[in-house]
Amino acid sequence: MFDRIADALELKGEAIFRVNAYRRAARIMRDLTEDVEQVRSEGRLLDIPGVGEGTGKKIEEYLNTGEMRKYAEVTRGINEELLDMLSIQGLGPKTLKLAHDSLGVNGLEDLKKVIEDGTLQELPRMGVKKVENIRRGIELFERSKGRIPLGVALPIAERVMEALSGERSVKHMSAAGSLRRMVETVGDIDILAAGSRGGEIIEAFTRMPSVTDVLAAGDTRGSVLIDGETQVDMRVVKTSEYGAALQYFTGSKAHNVKLRGMAGTMGMKLSEYGVFRGEKRIAGKTEEDVYRALGLPFIPPELREDRGEIEAAQENRLPDLVLFEDVVGDLHVHSNYSDGADSIEKLAQAAASSGLEYIAICDHSKSAQYAGGIDEGVLRSQMEEIERINRKVRPFRVLKGIEVDILKDGTLDLADEILDQLDIVVASVHMGFRQNVTGRMVRAMENPRVKVICHPTGRLISRREGYDVDLDTVMETAASTGTALEINAYFDRLDLNDVNVKKARDMGVLFSIGTDSHSVETLWYRALGVGVARRGWLRKKDLLNCLSADQVASLRK
DNA sequence: GCCGTTTTCGGCCCGACTGTTTTCAGTCG
């Protein structure tokens, strides 16, 4: 509702600072991991930075009545669709308001009509090119399916950088933006390069075979569509400005705004060209230099969300974040014993060559019939095969595991006797998403054999909300029983997500990264899991995957 | 609307590009 108020106020031409205050409040509410009712009942609403008198009262009003008068007032007479249209590229609030007020545009079809019949172009400060830009913006708006999952965007970014790596004048290159911060979905892909011949680099960029549309191309900036749908923006800067540019283009916006404010109060100025004191440029070549000039240690990109990282940096208490190389095991892999595509041996070899020390084969249990779940007998023969394979692939190790179903009464799908023979047991809810999920998970965690609860919310990024589950209770029980919660790294799950990981970590919960791979193709999703872990402020000691195979196999709760 | 090492009013991040204009408004990131 705060986001919608911001949209509506912006459209009405309200002061941008007020609009931004609402956007900030919306972001803060979205990031809040505590129950807002609880915060209110303890009288702490106004303790939340960014929530003042006004928004605090509105939150109270909403909690009491389920309504917000301000929201009703500012959205009166404005179509929801009109507010959505603010995200059309090339069409901002001023133009949209003008079209609304003087031409009666109240939706996408109206706008197309006034473009067609030429009346839009007759408005003040409108011309042929502007209208054409808006027309293209509409095309893109209708074509793009919204945000791209990180797991889809990362390989595209890598392909682009690979294609440009041969350009001789390129000195540095990196993904930037939300992709570099490892946000679970990204709006577009940003690539930054440092080099002397910007024009040539951009030209090579626009000539890549996968490019279907060139949206812009100049000496310092280019923008294209890959395969007709994914927007990639490329920027080229001077080597001396690369650090400041990378810092700037990585964002997040909220992080940068706060940093720039800080720079101001310290008598400096921060821009994408560097840190300045008066006319004098005092940093900019590397990101480390930029942060140092502001009196801060380097803040890893995954933390740059203005969720307390700047304050932590000032007080020198940034977490020592887990590194990709620290994660030496994948604790959730399916084989062709259930619904996976590849043999255990093939998975082991692929995992070994990707730098892992071990994987845990955790196929589905018998109740998951749709997934070819296995019973006690098949599991026994799988354990024998794993022993044979382990003799072949040493020092790599395959752990004997199972992804056991948590049944509708909270009991497990396989008997304790066989679970006792495994190296690791992970447990999942795969049925009855609305049926006492919390109680069932708690009961499963109370079983000392269960080391991990998989995908604790059950959400699918592209299409499903997740279970009816009380995460606070799950986290408390996980902490008290020593059960790890999974960071399921499958690209459409990423479950738990970043904010919940941070919250659970602060409660003393342990974590386990599992790719939930059903073939060798997705073992690389571990990188996505590490991204979520780092965004959740995790250290090496918070993850089971940083233990050795022996340590994992001998875990006791 | 929020907030305070410029502290209860008066600021609020910074710069580039585009297209429309004769000095700048709108949009974007």
Side-chain angles (χ1 to χ4, degrees), chain A residues 2 5-6 9-11 13-28 45-59 70 74 85-99 121-134 136-137 140 176-179 186-192 198 215-223 231-237 241 244-276 284 290 294-295 306 310 314:
Chain A
F2 285 150
I5 291 174
L9 289 180
E10 187 169 27
L11 198 56
E14 180 66 79
I16 194 65
F17 303 112
R18 183 168 294 179
V19 172
N20 286 339
Y22 276 107
R23 288 213 200 288
R24 184 156 170 237
R27 180 176 64 83
I28 287 160
L45 274 181
L46 298 192
D47 295 347
I48 303 173
V51 177
E53 195 91 5
T55 41
K57 279 219 175 78
K58 291 183 183 76
I59 295 169
K70 178 78 174 181
V74 297
M85 288 160 66
L86 283 168
S87 58
I88 294 173
Q89 283 194 34
L91 176 70
K94 296 287 184 344
T95 312
L96 192 54
K97 176 175 164 54
L98 194 62
Q121 203 183 307
E122 286 164 17
L123 295 176
R125 297 197 69 87
M126 270 295 157
V128 178
K129 289 196 169 176
K130 261 200 164 166
V131 171
E132 173 56 19
N133 258 341
I134 294 170
R136 297 217 315 189
L140 205 63
S178 47
L179 188 91
V186 303
D188 61 12
I189 295 172
D190 296 301
I191 308 282
L192 179 71
L215 305 174
D219 282 344
T220 63
R221 179 191 285 185
S223 187
Q231 183 168 338
V232 183
D233 292 342
M234 173 96 207
R235 288 184 179 73
V236 184
V237 299
E241 295 163 349
L246 186 57
Q247 195 288 322
Y248 168 66
F249 288 117
T250 296
S252 67
K253 184 167 180 142
H255 175 90
N256 285 354
V257 166
K258 189 168 261 186
L259 275 193
R260 288 178 175 200
M262 255 180 69
T265 60
M266 293 165 77
M268 293 183 277
K269 187 185 68 172
L270 171 62
S271 79
E272 56 264 53
Y273 299 106
V275 183
F276 298 84
V290 170
L294 299 173
D306 188 23
I310 293 174
Q314 284 172 320

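If you're wondering where the values come from, they're calculated on a predicted model, not measured in any experiment.
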*Describe the nucleic acid contact of A:Pro93 in one word from base, sugar-phosphate, nothing, applying a heavy-atom distance below 4.0 Å.*
sugar-phosphate
*B:dG29 versus B:dC13 - spacing of their C1' atoms, nearest Å*: 12 Å
*asked:* Looking at A:Lys253, I'd like to know whether one of its side-chain N or O atoms comes within less than 4.0 Å of OP1 or OP2 on B:dC14.
replied: no
*asked:* Test side chain to side chain contact (heavy atoms under 4.5 Å, CB included) on A:Lys130 and A:Leu123; report intermediate values, then the result.
replied: CA-CA 11 Å; A:Lys130 261 200 164 166; A:Leu123 295 176; over 6 Å; no
*Rounding to a whole Å, what distance do you find between A:Asp306:CG and B:dC2:C1'?*
14 Å
_Rounded distance in Å - CG (A:Asp188) to C1' (B:dG29)_ = 9 Å
*Using the C1' atom on both, measure B:dC14 against B:dC9 and round to a whole Å.*
24 Å
*DNA chain B: A:Lys130 or A:Ile88, which has the more 5' nearest nucleotide?*
A:Lys130
*Taking the same atom, C1', in B:dA16 and in B:dT8, what whole-Å distance lies between them?*
36 Å
_Touch class at under 4.0 angstrom, heavy-atom based, for A:Leu259 against every strand present_ = nothing
*With both distances under 3.5 Å as the test, what is the Watson-Crick or G-U wobble partner of B:dC9?*
B:dG4
_Minimum-distance nucleotide (side-chain atoms of A:Arg125 versus B:dG1, B:dC14, B:dA25)_ = B:dA25
*asked:* When you measure from the side-chain N and O atoms of A:Arg18 to the phosphate of B:dG1, is any distance below 4.0 Å, counting only OP1 and OP2?
replied: yes
*Could you check whether A:Lys58 gets within reach of a base, just the sugar-phosphate, or nothing at all, counting any heavy atom under 4.0 Å?*
sugar-phosphate
*Quantified in whole Å, what is the C1' atom distance between nucleotide B:dT22 and nucleotide B:dT18?*
16 Å
*asked:* Mind checking if A:Gly90 touches a base, just sugar-phosphate, or nothing, with heavy atoms under 4.0 Å?
replied: sugar-phosphate
_If I take atom NZ in residue A:Lys258 and atom P in nucleotide B:dC2, what distance separates them, rounded to the nearest angstrom?_
15 Å
_Measuring from the side chain of A:Lys129 (C-beta onward, heavy atoms only), which nucleotide among B:dG1, B:dT20, B:dG29 has the closest atom?_
B:dT20
_Length of the CE-P vector between A:Met126 and B:dG26, whole Å_ = 10 Å
*Between B:dC17, B:dG26, B:dG29, which one does the side chain of A:Tyr248 approach most closely?*
B:dG29
*In whole angstrom, what separates A:Ile28's CD1 from B:dG1's C1'?*
11 Å
*Using the C1' atom as the reference point in each nucleotide, state the distance between B:dA25 and B:dT21 in Å, no decimals.*
9 Å
*Among B:dG1, B:dT27, B:dG29, the one nearest A:Arg235 by side-chain distance*: B:dG29
*Is there side-chain contact between A:Asp233 and A:Gln231, with at least one heavy-atom pair below 4.5 Å?*
yes
*Rounded to the nearest Å, what distance is computed from the CG atom of residue A:Leu98 to the P atom of nucleotide B:dT27?*
10 Å
*asked:* Between A:Val128 and A:Leu86, which residue's closest nucleotide on DNA chain B lies nearer the 5′ terminus?
replied: A:Val128
*Heavy-atom side-chain proximity of A:Glu132 to A:Gln121 below 4.5 angstrom*: no
*Quote, to the nearest angstrom, the P distance that separates B:dT6 from B:dC2.*
22 Å
*Backbone N/O of A:Tyr248 and side chain of A:Asn256: donor-acceptor pair under 3.5 Å*: yes
*In this structure, which one of A:Lys253, A:Arg260, A:Arg27 forms a salt bridge (charged side-chain N to carboxylate O under 4.0 Å, His left out) with A:Asp306?*
A:Arg27
*Name the closest nucleotide to the A:Pro49 side chain, picking from B:dT27, B:dC2, B:dC3.*
B:dC3
*State whether A:Thr55 places a side-chain N or O below 4.0 Å from either non-bridging phosphate oxygen (OP1 or OP2) of B:dC2.*
yes
*When you measure from the side chain of A:Tyr273, which nucleotide among B:dC2, B:dG15, B:dT20 comes out closest?*
B:dG15
*Quick one: which of B:dT18, B:dG1, B:dG15 gets closest to the side chain of A:Asn133?*
B:dT18
*Once you round it to whole Å, what is the distance between C1' of B:dG1 and CD1 of A:Ile5?*
11 Å
_B:dT27, OP1 or OP2 - any side-chain N/O from A:Thr95 closer than 4.0 Å?_
yes
*Length of the CD1-P vector between A:Ile16 and B:dC28, whole Å*: 12 Å
*Roughly how far, to the nearest 0.5 Å, is the CG atom of A:Leu45 from the CD atom of A:Glu53?*
11.5 Å
_Main-chain N/O of A:Leu215 paired with A:Arg136 side-chain donor or acceptor, under 3.5 Å_ = yes
*Which of these nucleotides, B:dC12, B:dT27, B:dC28, is closest to any side-chain atom of A:Gln89?*
B:dC28
